[in-house]
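These notes are about the structure you will find just below.
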Amino acid sequence: MASATGDKHRHTMKTLTVLGSTGSIGTNTLDVIRRSRHQYRVYALIAGRNIDTLAAQILEFQPKVAVVATSEGLARLSQRLTELGVSKGQWPELYWGDEARIQTATAETVDTVISAIVGVAGLEATYAALRHGKRVGLANKEVLVAGGKLIMDAVRECGAELLPIDSEHNGAHQCLRAGNRSEVCKLILTASGGPFRNTPREELAFVTPERALNHPTWRMGDRITIDSATLMNKGFEVIEACWLFGFSPSQIEVVIHPQSTVHALIEYSDGSVLAQICATDMRMPIQYALTYPERSEAPVPKINWAETRHWEFHAPDPDRFPLLRLAYECQTSGGSATCTLNAADEVAVEAFLEGKIRFPSIFEVVNETLARLPVRWPQTIGEILEIDRESRSVARHLIGDRAQARSYANF
Ligand SMILES: NC(=O)c1ccc[n+]([C@@H]2O[C@H](COP(=O)([O-])OP(=O)(O)OC[C@H]3O[C@@H](n4cnc5c(N)ncnc54)[C@H](OP(=O)(O)O)[C@@H]3O)[C@@H](O)[C@H]2O)c1
C-alpha cells in the first residue's frame with residue numbers, strides 16, 4: 001500500500017513541457033521545479049539557439065524530449081551532449097522545428113505547458129496545447145496580443161486552463177478571486193516606467209541600446225526589456241488583460257510605480273481596491289501558475305513591512321511613450337491591428353538593438369506599418385501568422401528606407 005506521502009505526491013505530480021526553457025522565464029521555471037522535484041516531471045525542454053544552456057538542463061532535468069529551433073542547432077546539441085560524456089542511451093529524443101514543438105506541447109502525458117518562448121514563435125504550440133485541454137502557464141504575452149480571440153475561443157471550447165505568469169496579470173488573477181467579476185469596475189496595471197521614466201523627450205533620440213537594456217527593477221530578455229523602456233510592454237499587457245479577464249480597454253488604467261512591488265489593483269463597484277503585492281521575482285507567479293488553486297512556500301523574499309518604504313504612483317506621459325496609446329487604439333479597433341502592432345514592434349526593436357534606428361523611431365516604424373496595412377479578421381492561426389509575416393516585411397522595408405536616408409536626415 002502506498003504511504004500517505006506517496007499518495008499526496010501521486011495526486012500533485014505534474015508533467016511539464018517548458019517552451020523557452022533557456023530564457024529568463026524558462027530558467028526561473030526550472031528553478032521552481034528544482035526546489036520541488038517531487039512535484040514535477042519534466043517531459044520536454046524546448047529551446048531556440050542556446051545549446052549550452054539546454055545541454056546543461058538536459059543533464060539536470062533528464063527530459064524525455066528536447067527540441068531546438070533549427071537542424072543546425074540539433075547537430076550542435078548532439079555534439080555538445082557527446083562532449084559532456086553523455087552516452088547515447090541517456091539522450092532524450094532530439095528534434096527541431098515547429099512541428100516538434102507542437103508535438104511536445106500536446107503529448108498525452110503532459111498536463112501543464114509553460115509558454116515562455118519570446119514572440120510569435122510560441123504561438124502555434126501554445127494554441128495546440130490549449131486545444132488539447134492542457135493547463136498553460138502563459139508568459140509569452142505575444143500569443144494573446146497576436147491571436148487573442150482564437151486563443152480564448154480554444155480555452156472555452158476545450159476546457160483548457162490559462163494561468164497568467166506575467167506578474168501584473170498574475171496579480172490581477174489573484175485579486176479577482178476576492179469578488180464576483182460583475183462587481184469589478186476597473187483593473188489598474190502598474191509599470192516600473194523603465195530606464196527612461198525621467199528622461200526628457202529631447203534626450204530619447206540619443207539613448208543607446210545599452211542604456212535601454214539597463215532595466216531598473218527586472219532582469220529579462222532583450223525584447224521585453226526594450227519594450228519596457230518604450231512602454232510597449234505595458235501596452236501589450238493592456239491587450240493581454242482585455243483577453244484574459246474580459247475587460248474593455250477603457251476599464252484598464254496604467255500607472256507608473258517605480259518600485260514594482262504592487263503588481264496590479266482591482267477596483268470593485270463599492271470603491272474598494274484590492275492590490276497584489278510581492279517582491280520582484282518571477283518565481284512567485286510561475287509557481288502560482290503551477291500550483292493554483294493551492295499555494296506553497298516560494299523562494300521569494302517576503303516584504304519587510306517594518307522597513308520604511310515609499311511607494312509612488314503617477315500617470316505615464318503619453319507624449320514620451322506614444323506606443324502605450326497605440327496599444328489602446330489597436331485593441332479598440334480589434335482584428336489584426338494588435339498582431340501587426342506586435343510584429344512591427346519586434347522588427348523595430350531588433351533594428352534599434354542593431355543600431356539601425358533610434359529609440360523614438362521604434363514608434364514611428366510601428367505607427368507607419370499600422371497605417372499601411374488594412375485591418376483584417378483572421379479566423380485561423382495560419383492567417384495570423386500570414387499577417388505577422390506581412391507586417392514584418394512592411395516594417396523591414398520602412399527601416400531599410402529610413403536607414404538609407406539616415407545620412408542626410410535626422411532619423
Ligand atoms: N522575463 C520576464 O521577467 C518576463 C515577465 C513577463 C513576461 N515575459 C514574457 O515571457 C516571454 C519570454 O521572456 P524572456 O524574458 O524569458 O525572454 P528570453 O530570455 O529572451 O527567452 C526567450 C526564450 O524563447 C526561446 N526562443 C526564441 N525563439 C525561439 C524559437 N524560434 N524556437 C524555440 N525557442 C525560441 C529562447 O531560446 P534560446 O535562448 O535558446 O535561443 C528562450 O528560451 C516573452 O514573451 C516575455 O514578454 C517575461
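Indexing begins at 1, ligand by ligand and atom by atom, following the structure's order. Worth saying up front: this structure is predicted, and the values here are computed from it rather than measured.
Panel note: side chain Glu267, backbone Leu265; no donor-acceptor pair is recorded below 3.5 Å.
For residues 370-380, the pairs satisfying salt bridge (Lys or Arg N to Asp or Glu O under 4.0 Å) are Glu368-Arg372, Arg376-Glu390, with sequence neighbours left out. Every pair passing salt bridge (Lys or Arg N to Asp or Glu O under 4.0 Å) that includes a residue from residues 323-332 is listed here, sequence neighbours excluded: Arg325-Glu329.
For Tyr288, the ring-ring contact (aromatic ring centres under 6.0 Å, His included) partners two or more places apart in sequence, or in a different chain, are His173, Tyr292.
By the 6.0 Å and 45° rule, Arg358 does not stack over the aromatic ring of Phe363.
Under 4.0 Å from any atom of ligand 1, one finds heavy atoms of residues Gly20, Ser21, Thr22, Gly23, Ser24, Ile25, Ala47, Gly48, Arg49, Asn50, Ala69, Arg101, Ala116, Ile117, Val118, Ala121, Ala139, Asn140, Lys141, Glu142, Asp166, Met220, Gly221, Ile224, Met282.
The aromatic rings of His257 and Trp311 sit perpendicular to each other, their planes meeting at more than 60°, with 30° as the lower class boundary.
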